[in-house]
Amino acid sequence: MSAECVFCKIARGEMGELLYEDDLSAAFADLNPQAPVHILVIPKVHAESLAHVEDEKLLGRLLAVANKLARERDLNGYRVVINTGKDGGQTVPHLHVHLLGGRTFGWPPG
């Protein structure tokens, strides 16, 4: 983990409140929610973005956790988003999966 990264600090329990935690991942509510349910699922190991990770077990875990959290919240439908890099809309340099639900989403996004 990175000492300066805000998401690493959350994963270590130094700030914020975790909604979920296991050996590889952690999840917490987004501070600027874009939907009634907006949860971020992150790897505990610091990885700048999806472009920096090849670990299929870790990537699968992040999606499995997003699915578990959606089921626990009885979401009828939901969106899972990973923004990668500045041009992809990523604003925090730590890989994170957005779980968005609780409203109807349109297409195309953004």
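Along the sequence shown, the residues carry numbers beginning at 1. Hydrogens, waters and symmetry mates play no part in the numbers below; they use all other heavy atoms, side chains included.
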I need the [X] [atom1] to [Y] [atom2] distance, nearest 0.5 Å.
X: S49; Y: K86; atom1: OG; atom2: NZ; value: 14.5 Å
X: L50; Y: I82; atom1: CG; atom2: CD1; value: 5.0 Å
X: C8; Y: M15; atom1: SG; atom2: CE; value: 11.5 Å
X: L75; Y: L99; atom1: CG; atom2: CG; value: 6.5 Å

Before giving the answer on salt bridge (charged side-chain N to carboxylate O under 4.0 Å, His left out), spell out for E21 and K44 the whole-Å C-alpha distance, their side-chain angles and the decisive distance to 0.1 Å.
CA-CA 9 Å; E21 179 179 20; K44 285 186 170 179; 2.8 Å; yes

Determine, using the 4.5 Å side-chain heavy-atom cutoff (strictly less than), whether L100 and V92 are members of one ILVMFWY cluster.
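Cluster IDs for L100 and V92 differ.
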
Between Y20 and L95, is there a shared hydrophobic cluster once you connect ILVMFWY residues whose side-chain heavy atoms come closer than 4.5 Å?
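Both belong to a single hydrophobic cluster.
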
State whether the side chain of E14 and the backbone N or O of K9 hold a donor-acceptor pair below 3.5 Å, judged by distance alone.
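Here the side-chain-to-backbone pair does not exist.
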
Any donor and acceptor pair, going by atom type alone, linking the side chain of K68 with main-chain N or O of L63 inside 3.5 Å?
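No: the side chain of K68 does not pair with the backbone of L63.
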
With a 4.5 Å limit on heavy-atom distance, are the side chains of L24 and K57 in contact?
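Yes, close enough: below the 4.5 Å cut-off.
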
Grab the two heavy atoms, one from [X] and one from [Y], that are nearest each other, plus how far apart they are.
X: G106; Y: R79; result: O-NH2, 2.9 Å
X: V65; Y: S25; result: CG2-OG, 3.5 Å
X: L69; Y: A27; result: CD1-CB, 3.6 Å

Decide side-chain contact (heavy atoms from CB on, under 4.5 Å) for V53 and L59; before the verdict, give the C-alpha distance in whole Å, the side-chain angles of both, and the deciding distance to 0.1 Å.
CA-CA 8 Å; V53 178; L59 296 174; 3.8 Å; yes

Going through the distances and angles, do H46 and H94 end up as a side-chain contact (heavy atoms from CB on, under 4.5 Å)?
CA-CA 6 Å; H46 184 79; H94 185 118; 3.1 Å; yes

Going by atom type alone, with no hydrogens or angles, which donor-acceptor pairs under 3.5 Å involve a side-chain atom of residues 28-43 and a protein atom two or more places apart or on another chain?
from	atom 1	to	atom 2	distance (Å)
D30	OD1	N32	N	2.6
D30	OD2	H38	NE2	3.3
Q34	NE2	N32	O	2.9
H38	ND1	Q34	N	2.9
H38	NE2	H98	ND1	2.7

Tell me whether E56 at atom CD has more than 12 heavy atoms from other residues, nucleotides or ligands lying less than 6.0 Å away.
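Atom CD in E56 is not packed in, count stays at 12 or less.
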
